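Contents: one structure, followed by commentary.
None of the values given here were measured: they were computed from a predicted structure.
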There are 2 protein chains.
Amino acid sequence: MPASGCDGCIARHKGLCSALSPDELARLSAVARRRRFAAGQTIVDDQQELPYLANVLSGVVKLTKTLVDGREQIVELQFPADFVGRPLGGPSGFRAEAAINVELCTFARSRFEQVMRAVPGVERRLLQHTLDALDAARAWMVLLGRKTAAEKVASFLLILAQRFRGAAGAGSGWVNAVRFELPLTRGEMADFLGLTIETVSRNMTRLRSIGVIRLQGMRTVIVPDMERLTAASECPLEHAAQEPAPRPDGMRAVCVG
Amino acid sequence: MPASGCDGCIARHKGLCSALSPDELARLSAVARRRRFAAGQTIVDDQQELPYLANVLSGVVKLTKTLVDGREQIVELQFPADFVGRPLGGPSGFRAEAAINVELCTFARSRFEQVMRAVPGVERRLLQHTLDALDAARAWMVLLGRKTAAEKVASFLLILAQRFRGAAGAGSGWVNAVRFELPLTRGEMADFLGLTIETVSRNMTRLRSIGVIRLQGMRTVIVPDMERLTAASECPLEHAAQEPAPRPDGMRAVCVG
DNA sequence: CGAACTTTTGAGGAGCCTCAACCCCAGTGG
DNA sequence: CCACTGGGGTTGAGGCTCCTCAAAAGTTCG
């Protein structure tokens, strides 16, 4: 793939390749290869080492770990511009799978590490990315360990809405509304949130019934008011079905369901 | 601190400083400063940026996040040779606190980043460390999302036992026994495992009553048989109080409580 | 020894899971 | 054309795990 093909690439602007000069980019893109994975397809098994590293171009990749008796936990979702694969070698012990149709821009591992050694900016960018992933993982640990089922579902919708903010809303009738597609089934959401399918479904229904979200079909979500969703994501009790009664002191309650 | 003082340092052998040549080490150690923190003391608040980066020399540091209503989650424990602080700047949103008395080897942030730029090995070592921390965080996410309370407690004891293996056991009467000190109170264990104090206590008692662990005082744990502890860490049902009845086919059951 | 704190233990309840039925939709084939 | 099938989703009833509340027992330290 010629480097000029990178001009419109999301990884060139937001991802790893933003650390590269034009000729560094050319070196890397010379060995780049696009690969496609259909929804549900495994990209790499745990205990194996990916023979290549990659940028996500489109779609969503899920990283999972399965216990011996079949219990499964999704530990990360990777979106366009995210980096796939463990740079310094060694299997990570997690399975990467396409949640929806995925397109990757892949680099042979040996060639990539060559570039990494030659261009200091790449290693720094990689470190930055890994630190961000670590912070995200820690934030998710708080969710898994300390949040209620209702908060978990709201938090999941919130991070998706924040990812896709700006890409939607127009014409839906709300000023600051956000609309996006769920990249996961209810069962996968459960595996991400540490819940069961039924609990996820019940809480999706509850969020819909109190007006925090609207659903179009199974997978399209509209968030009319991001503040209400944000409140629901860190508030154990979600009493108010509609607007809460105004408080005597005129202050707005922290939790507004 | 003269670089010669690093000779016996754990970070020099297992930690970040193992990536340094003697004169690189000298450059860094010239600006190193030891700091001590008493148990319970805060090292850095969330939303603040540590003015320095550090290696843990002794003790245990806990990284925590607290929700607005007070719910708390410990997201990482840092042991000797571990690296404290976010290298590329910016507050991480987590609070670092000394779980027990802690000694750090600290470097002014600006000076450290100078060395980081000059010595490529440092950045690589840092990336390696961050990748390892990310894997550990993901493994913990599996625990938080999918393991039972009994498995959680067993898993926690297991990682401690693995950390301290070799440092104990002699004279306790068991061949492969491991003995170690708990660096956390029951309440802190609860915050690490996503449980309550009472549930931690009950499961510690249960592990003791079925012989998987022995306790000397509140904080000293002896693991007579690491395999039984390992089995208990990933097995939802822990029926067998002693040895399970031998199976007809002579195979050993996966779960042996 | 007594006060403050941590840990253990118990009783009861809530939240989430388990099991099961049913709905919707898309594909398939008689 | 429609029964059949399978996957995904929703809803309900009941139960289990873990949380909450409470009190006693053990530990630490003045």
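In this structure, the side chain of B:Arg138 does not engage the main chain of A:Val75 through any donor-acceptor pair within 3.5 Å. B:Asp82 contributes a side-chain N or O that, together with a main-chain N or O of B:Phe79, makes up a donor-acceptor pair within less than 3.5 Å.
The interatomic distance linking A:Arg71 (CZ) with C:dC17 (P) rounds to 13 Å, in whole Å. Rounded to an integer number of Å, the gap from CE of B:Met204 to C1' of C:dT9 is 15 Å. Between B:Arg219 atom CZ and C:dT8 atom C1' there is a gap of 16 Å when expressed in whole angstrom units. Following rounding to the nearest Å, B:Arg208 (CZ) and D:dG26 (P) show an atom-to-atom distance of 12 Å. Distance, B:Arg206 CZ to C:dT9 P: 12 Å, rounded to whole Å. If you take CG of A:Asn203 and P of C:dC17, they are 10 Å apart, rounded to a whole angstrom. Straight-line distance from the CZ atom of B:Arg146 to the P atom of D:dC18: 14 Å, rounded to whole Å. Put simply, NZ on B:Lys147 is 18 Å from P on C:dC17, counting in whole angstrom units.
Taking all atoms of both residues into account, the shortest heavy-atom contact from B:Ser233 to B:Ser155 is O-OG, 3.2 Å.
Partners of A:Lys152 under the side-chain hydrogen bond (donor to acceptor under 3.5 Å, both in side chains) rule, at least two apart in sequence or in another chain, do not exist in this structure.
Inspection of the B:Glu181 and B:Thr220 side chains reveals an N or O donor paired with an N or O acceptor under 3.5 Å.
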All N/O pairs under 3.5 Å across the protein-nucleotides 13-15 of chain D interface:
none

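Note on B:Met218: only backbone sugar-phosphate atoms sit closer than 4.0 angstrom, heavy atoms only; bases stay farther off.
Using a 30° and 60° split on the angle between ring planes, A:Trp140 and A:Phe156 fall in the perpendicular class, above 60°.
The residues B:Asp135 and A:Arg86 are annotated as salt-bridged, a charged nitrogen and a carboxylate oxygen being separated by less than 4.0 angstrom. Under a 4.0 Å N-O distance rule, the pair B:Arg71/A:Glu151 qualifies as a salt bridge. Between B:Arg146 and A:Asp191 there is a salt bridge, since a side-chain N of the basic residue sits under 4.0 Å from a carboxylate O of the acidic one.
Listed in residue order, the members of residues 191-200 of chain A having a heavy atom less than 4.0 Å from DNA chain D are A:Ile197, A:Glu198.
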